[in-house]
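First comes the structure, then the notes that go with it.
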Amino acid sequence: MLKIHNSLTKQKDIFTPIEEGKVSLYVCGMTVYDLCHVGHARVMVVFDVVVRYLRSVGYDVTYIRNITDIDDKIIARANENGETIQALTERFIDEMYQDADALGTLRPDQEPKATESMPEIITLIETLIEKGFAYASDNGDVYYDVSQFDEYGKLSGRVIEELRAGERVEVNEQKDDPLDFVLWKAAKSGEPAWDSPWGQGRPGWHIECSAMSATCLGEHFDIHGGGQDLQFPHHENEIAQSEGAHGCQSVNYWMHNGFVRIDDAKMSKSLGNFFTVREVLKQYAPEVLRYFILTSHYRSPLNYAEDQLEQAKATLTRFYTALRDVAAAEVRWQDDKDYGARFREAMDDDFNTPLALAILAEVRQALNKADPQEASYLAGLLVCLGAELGLLQQTADAFLLGDDDDSEILTLIEQRNTARAEKDWAAADVARDSLTAMGIVIEDGADGTSWRRI
RNA sequence: GGCUGCGUAGCAAAAUGGCCAUGCAGUGGAUUGCAAAUCCAUCUACGCCGGUUCGACUCCGGCCGCAGCCUCCA
């Protein structure tokens, strides 16, 4: 029985889909004006695992992740760079795919873009005005009237009066109330703009997700995900918009993943303390980053540190070492009564990937001890369990050896083995020292010498 | 100030009212020409103070410390 921690109820709820056997999932994606950083990687990997797991236990999942391709930052960056908004966003959408693909994340079923959803966005704003949840101001802005939505604050646990007391909301003369938020922004000169009943303008940030989720998944769907920082105000506002306009509950389960931190501070663009996925992948295999992300539960903070990546790398090396030279059998983990059952228990408990990885480690150890027939089964089990986490899907050689030229390595190994055959240990060690200097580790086994890169 | 969440061994990270997490690192042993890999064994825990209980890392209360949100942010 799958349980999901629901930000709306603040507890683990038993997951019951709206329509039996089907799951509709919407995840807030990237604003495309720069490269993805490790925080973005976490969202991608976490929800990738959610999708993989839900599918593996039989759900027909529709996975939507939007792309925000128009907003203040995009406009500012395009101006800075002296390029068009379209050129900028297309470039970074392409970069995003490079990172997402490297990390082995499955493509969402649909990736709606804000700029391609204008009719839906405008219709939604019109509905909100008709129903009295929104008002147009003199300058062509349209605002959501927070006081009209009784349940405002239900997701983030906020109370309107307290927000007002906070006094940190900037005063804007166009708004009736400082807490009201913008649905449609009137265009300033030179800004990209779309026609609307309120004049030329562009959508506010929150409205696009309400429009696109309803378009792709309907007015009421199962799971909405995103980073914890989106819980307020973005998701709170999304609820106000969707539920105000549609008059029904919009989302059953809200999932929020924790932050990536550096030195105990949130990794963020505004603090400037971020690593891009691209930078990390220069030094580590994508699978290492993915493994690192999954070593922590998705709701916990994840402290980014190089030695943690080294640990992840060492662990993966052991997994692939165990898989090396074993012909993996075709196995369905769902049929395995021991490890498979415990894996399911772990994942059913709000996607507990650290516990799931502990079970994979047990399989690995059993595999190392097993006789050939059992080994083949356990290797198959390991690979198919790994698949649900997006791990262990390469060949052992691809991970351990890489695909750089290895002729020199093979020559040295041959030299060393010739020396060993003659019991010329000094010469053998010279060859090995050369290999060590090249970052190569040698392993003499019963049937020959194998090697791997450090 | 308001609202969340967290504090587990050298590092990372789970579960659990009474028994093993797990990974990386360390130590001892087996194995090896020596290594590596592997196996066996093993050392380090539950922020502090009270309470509930036969028994608490686990439940309750207080304290301390940390992070996040309240403003753009995955």
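Chain letters run A, B, ... following the sequence lines, proteins first, then strands; residues in each count from 1. Only heavy atoms go into these numbers, but all of them, side chains included; no hydrogens, no water, no symmetry mates.
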Tell me if the aromatic rings of A:Y143 and A:F181 count as close, with their centers under 6.0 Å from one another.
no
Among B:A74, B:C34, B:A14, which nucleotide sits nearest the side chain of A:P354?
B:A14
Does A:R420 reach a base, just sugar-phosphate, or nothing at all? Heavy atoms under 4.0 Å.
base
Touch class at under 4.0 angstrom, heavy-atom based, for A:F259 against every strand present
base
For B:C59, the Watson-Crick or wobble partner whose two distances fall under 3.5 Å:
B:G51
Across the strands shown, which category fits A:R158 at heavy-atom distances under 4.0 angstrom: base, sugar-phosphate, nothing?
base
Heavy atoms under 4.0 Å, any strand shown: does A:S300 hit a base, just sugar-phosphate, or nothing?
sugar-phosphate
Does any nucleotide pair with B:G17 by Watson-Crick or G-U wobble geometry, both distances under 3.5 Å, and what is it?
none
Which base, if any, makes a Watson-Crick or G-U wobble pair with B:G7, both distances under 3.5 Å?
B:C64
chi for B:C20 classified (syn = within 90 degrees of 0, anti otherwise) as syn
Working to the nearest 0.5 Å, report the span between NZ of A:K369 and CZ of A:R364.
10.5 Å
Value in whole Å for how far the P atom of B:U22 lies from OH of A:Y291
13 Å
Residues two or more places apart in sequence or in another chain: which of them pass ring pair (Phe, Tyr, Trp, His ring centres under 6.0 Å) with A:Y339?
none
Whole-Å distance between B:A13 C1' and A:D307 CG?
13 Å
Would you mind checking if A:R158 and A:E236 are paired as a salt bridge, meaning a charged N to carboxylate O distance below 4.0 Å?
no
Begin from the C-alpha positions of A:I70 and A:W194 and carry the test side-chain contact (heavy atoms from CB on, under 4.5 Å) through to its verdict.
CA-CA 11 Å; A:I70 178 69; A:W194 287 260; 3.9 Å; yes
pair_partner(B:C39), Watson-Crick or wobble, both distances < 3.5 Å, evaluates to B:G29
Does A:R364 reach a base, just sugar-phosphate, or nothing at all? Heavy atoms under 4.0 Å.
sugar-phosphate
Under 4.0 Å, counting only non-hydrogen atoms across every strand here, what does A:K73 touch: a base, just sugar-phosphate, or nothing?
base
